[in-house]
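Remarks on the structure that follows.
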Amino acid sequence: MNNFFDGEGEENCLVCNEKSCAAAVLSDNQLNTLNNNSRETDIRKGETILKAGALTSHIVYLKTGFVKEHVEGPGQKSKILQIIKKQSYLGLPSLFGARINHYSYTALQDLKVCFIDINVFLEFIKDRGSFAFEVLSYVSRESLNKDFHLINQGHKRMYGRFADVLLYLSEEIFGTTAFDLLLTRQELAELAGMSRENTARALSHFREEGILNINGKNIEILKMDLLKRISKNG
DNA sequence: CCATTAATTTAGT
DNA sequence: ACTAAATTAATGG
């Protein structure tokens, strides 16, 4: 209980075995600085980690688990921009811009994150080229990838869009042809940019065609070649 | 602590 | 929009 007031935990950045590519290039000295200016926390499924519109005081490192990056549209409407895998940073798109977060990040399962003081993060970027290089390459890769998906979504019809989302989840997020959706049907719709009804329709259509095997939240892609063809033809 | 029921959320049409 | 099913919270022993 000695740690209750000063918040000192057992975690230490120097011996962290879930380090980011960027943190891996830091010196022991810098890792110490990181350790003194960051804090690991458990986040529960459904909790919002960063909220769009709030002040950016921290950059968040996703140590384990999956997170959705989303924006709240007008009314109940929400748009999921991407799913983020472990060992990446949340909030980087807002690192330089204004003082506010542009996107919200919500946990799709129980997971661990580290809150890092944004000023310390910025110091590392200024002081260490290789750290900045890792961060920059991550940010630009993400940005291009997001654009790519949004552009595709813009000029494809329902089944093409939905095929895209399935391929995205399978190839880029989970890396397998069978996976447990961490998303509800509603969220799947928000990711695909279609209505909940059309999402359900597309799911059952693909199942009838023998392209998918659906068992609750578990989805297995049976005919990958056909799915790719549908994606390609829009 | 476990079991039952009530309430909220999710899925499918 | 509506109904059924499932998941989560509350209650009582």
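Just so it is clear, the model here is predicted, and its values are computed rather than measured. As a basis for the values below, the full set of heavy atoms in this structure was taken, side chains included, without hydrogen atoms, waters or symmetry mates. Lettering of chains follows the sequences in order, A, B, ..., and the numbering in each one begins at 1.
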Would you tabulate the nitrogen or oxygen pairs shorter than 3.5 Å linking the protein to nucleotides 5-7 of chain C?
none

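Using a 4.0 Å cut-off between charged side-chain N and carboxylate O, A/Glu69 and A/Lys146 make a salt bridge. Residues A/Asp42 and A/Lys112 are paired through a salt bridge, judged by an N-O separation under 4.0 Å between the basic side chain and the carboxylate.
Rounded to an integer number of Å, the gap from A/Asn198 CG to C/dA1 C1' is 16 Å.
A/Glu187 places a side-chain heavy atom less than 4.5 Å from the side chain of A/Leu108. Residues A/Thr33 and A/Phe124 form a side-chain contact, since some pair of their non-hydrogen atoms from C-beta on lies under 4.5 Å apart. Using a 4.5 Å heavy-atom cutoff, the side chains of A/His70 and A/Glu190 are not in contact.
Under the 6.0 Å cut-off for aromatic ring centres, A/Phe121 and A/Phe131 qualify, their centroids lying closer than that.
There is a path of hydrophobic side-chain contacts, each under 4.5 Å, that joins A/Tyr168 to A/Leu182.
Under a cut-off of 6.0 angstrom, the local environment of NZ in A/Lys79 is crowded, with over 12 non-hydrogen atoms contributed by other residues, nucleotides or ligands.
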- B/S/- contact track for nucleotides 8-13 of chain B, protein heavy atom under 4.0 Å: --SBBB

